[in-house]
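Here's the structure, in structure tokens; my notes come after.
Owing to the predicted nature of the structure, the values given are computational and were not obtained by experimental measurement. In the text below, chain A, chain B and the rest are named by the order of the sequence lines, each starting its count at 1.
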Number of protein chains: 2
Amino acid sequence: MNYPVFAVTVDLVVLTVRGDELCVLLVRRGCEPHLGEWALPGGFVLADEDLAAAARRELAEETGLAGPGGHLEQLASYGAPERDPRGRVVTVAYLALLPDLPVPKAGTDAAEAEWRPVGERRLAFDHDRILADGVERARSKLEYTPLATAFCPPEFTIAALRQVYEAVWGETIDPRNFHRKATTAPGFVSPTGDSTGGGPGRPAKLFRRGSATLLNPPILRRGGV
Amino acid sequence: MNYPVFAVTVDLVVLTVRGDELCVLLVRRGCEPHLGEWALPGGFVLADEDLAAAARRELAEETGLAGPGGHLEQLASYGAPERDPRGRVVTVAYLALLPDLPVPKAGTDAAEAEWRPVGERRLAFDHDRILADGVERARSKLEYTPLATAFCPPEFTIAALRQVYEAVWGETIDPRNFHRKATTAPGFVSPTGDSTGGGPGRPAKLFRRGSATLLNPPILRRGGV
DNA sequence: TCCTTTTCTCGTCAGTACGACGATAACCGG
DNA sequence: CCGGTTATCGTCGTACTGACGAGAAAAGGA
């Protein structure tokens, strides 16, 4: 049987929340094509490597391991004939959600790697589209899953969790209603017993992620879309 | 730059509702590997073809066109190194939802093509997993989108729409509550003015799909998962 | 010490949506 | 005309929601 040959890559949409902004990990390309332009991190799938394994490997290379609290899932595949001038390249995009790490180390092959607010830069290839799809997936998943905790360190306050929602959705949320919903949704968060201190205001109780995989009732954003 | 070469295929999870059962379009393989076994329809992506175009082409070849009311979306990609004995093959799975068509014509290269209730047969390759992912996607999408209308002909009754939900979810729904929710959700369905007749019981009003792309409020199944 | 500011946490209240189910409407075949 | 069947409308108690008031617990300054 005769069939066309392809190269297969994985590209990563790595998201985190820094302060009140949703940020994505970008690299400046160190080789052709699109040399010097900003793009999503990624690379070719090796000869004997599973797709998910390739994604985990690239994530480790770019960020120095997806520490505890991270999340990685397949996003979608993109294979338009003209998307890469080198030939037929199909890319399988993965979505990673991470807590705010110190700062990404410069990857092996990428000249620079930086957190950038989503939408700030135009990207090479079709990476703008891939990024948009990843952001939309993240926004949607926050409604129906406890995945917002993937953006938080192992112990966090309800206010920190709320700031994740506000950054990802780009809208403000009433702290009192959010506190009620987050603490009453079964399995979303569980209290550690400890509290924060040091800053102004009443100390906040600390929580860990719960055991639920689905949020019931969900936490819905205003617009619906 | 040196990189491994892959073959890329598209596989289709084509679902429909026949009577009270959710059915999937299966083909009996006419060539090696897995000759004679049942599998999802699919084929290689051509040299100058987009992924979505390949999926539409395969769908047209197997079913004779996705008529009005159909829906096609990318599902996920599967690329385990050992999933195809012929070598590295990455498949991009697509999910299609169609109204109950007469009967699929035997495809060009597939020996037979048949509607089979979901879960009735074991499939070749990793197609059991792909089918399970597609069914779960369909079940989930029925909650938050008006996609159930994709299983219906252009004009349908509320009862027919309810039978779609019951078949896909495998649970019974109260006809009175469903009628209220389906007719009050903005943009889900719009009345044509006509009615059915002929059978026993009170004639049912006919509806067309509405313009909404998202269902608000959603129509939730019991279990949540 | 006392007061103000800040932030977290708990309550209240009306509006909305839900599931369970009763009641009525409109057709069929006898 | 009458029972069987299916579609459609209405009712009721419960649960969840958003808007917002109020108290609790810290830091910091006078």
Side-chain angles (χ1 to χ4, degrees), chain A residues 19-20 142-144 146 152 155-166 169 171-208 212 214-224, chain B residues 19-20 142-144 146 152 155-166 169 171-208 212 214-224:
Chain A
D20 58 351
L142 253 57
E143 296 191 319
Y144 303 107
C152 296
E155 301 199 348
F156 51 86
T157 66
I158 298 295
L161 192 61
R162 175 171 48 85
Q163 281 159 17
V164 167
Y165 276 87
E166 292 180 332
W169 287 347
E171 53 184 55
T172 62
I173 301 175
D174 184 284
R176 298 158 292 187
N177 290 335
F178 181 84
H179 187 278
R180 176 182 54 191
K181 294 173 78 163
T183 51
T184 59
F188 188 15
V189 296
S190 67
T192 68
D194 295 335
S195 296
T196 59
R202 173 175 173 174
K205 292 176 187 165
L206 286 171
F207 293 82
R208 260 188 288 271
L214 226 65
L215 223 46
N216 199 340
I219 297 182
L220 301 171
R221 36 182 167 165
R222 280 308 148 79
Chain B
D20 57 353
L142 253 57
E143 296 191 320
Y144 303 106
C152 297
E155 302 199 349
F156 51 87
T157 66
I158 299 294
L161 193 60
R162 175 170 50 83
Q163 282 158 16
V164 167
Y165 277 87
E166 292 180 332
W169 287 347
E171 52 185 58
T172 62
I173 301 175
D174 184 284
R176 296 159 293 186
N177 290 336
F178 181 84
H179 187 276
R180 175 182 54 190
K181 294 174 75 165
T183 51
T184 59
F188 189 15
V189 297
S190 66
T192 68
D194 294 336
S195 296
T196 58
R202 174 175 172 174
K205 293 173 185 166
L206 285 169
F207 293 82
R208 260 187 290 270
L214 224 65
L215 223 45
N216 199 340
I219 298 183
L220 301 172
R221 38 183 165 160
R222 279 309 148 85

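- The CD-C1' distance, from E143(B) to dC18(C), rounds to 15 Å in whole Å.
- Regarding I173(A), its CD1 atom lies at a distance of 17 Å from the C1' atom of dC20(D), rounded to whole Å.
- Between the CG atom of N216(A) and the P atom of dC18(C) there is a distance of 13 Å, rounded to whole Å.
- Counting only heavy atoms from C-beta on, P217(A) has its side chain closest to dT17(D) among dT9(C), dT8(D), dT17(D).
- Taking atom CG on D174(A) and atom C1' on dA22(D), their separation rounds to 14 Å, with Å as the unit.
- Closest-nucleotide positions on DNA chain C for G197(B) and L220(B) were compared, and the one nearer the 5' end corresponds to L220(B).
- Contact annotation: H179(A) side-chain N/O to dT9(C) OP1/OP2 distance is under 4.0 Å.
- Side-chain atoms of R202(B) and base atoms of dC27(C) include no donor and acceptor less than 3.5 Å apart.
- R176(A) contributes no side-chain N or O that forms a donor-acceptor pair with the base of dG11(C) under 3.5 Å.
- In this structure, E143(B) and W169(B) have side chains that are in contact, with non-hydrogen atoms separated by less than 4.5 Å.
- OP1 or OP2 of dT17(D) lies within a sub-4.0 Å distance of a side-chain N or O belonging to K181(A).
- G199(B) comes within 4.0 angstrom of the backbone, heavy atoms only, and of no base.
- Between the base of dG18(D) and the side chain of R180(A) there is a donor-acceptor pair shorter than 3.5 Å.
- A straight line from CZ of F178(B) to C1' of dC9(D) spans 17 Å, rounded to a whole angstrom.
- Distance D194(A) CG to dC8(C) C1': 16 Å, rounded to the nearest Å.
- Ranking dA7(D), dA20(C), dC10(C) by closeness to the N177(B) side chain, first place goes to dA20(C).
- The closest side-chain heavy-atom distance from R208(A) to E155(A) is below 4.5 Å.
- Side-chain contact between L161(A) and F207(A) is absent, with no heavy-atom pair separated by less than 4.5 Å.
- Atom OH of Y165(A) and atom C1' of dG18(D) are 17 Å apart (whole Å).
- Between R221(B) atom CZ and dC18(C) atom C1' the separation is 18 Å, expressed in whole Å.
- By the 30° and 60° cut-offs, the orientation of the rings of Y144(A) relative to Y144(B) is tilted.
- Side-chain contact check for F188(A) versus I219(A): some heavy-atom pair is nearer than 4.5 Å.
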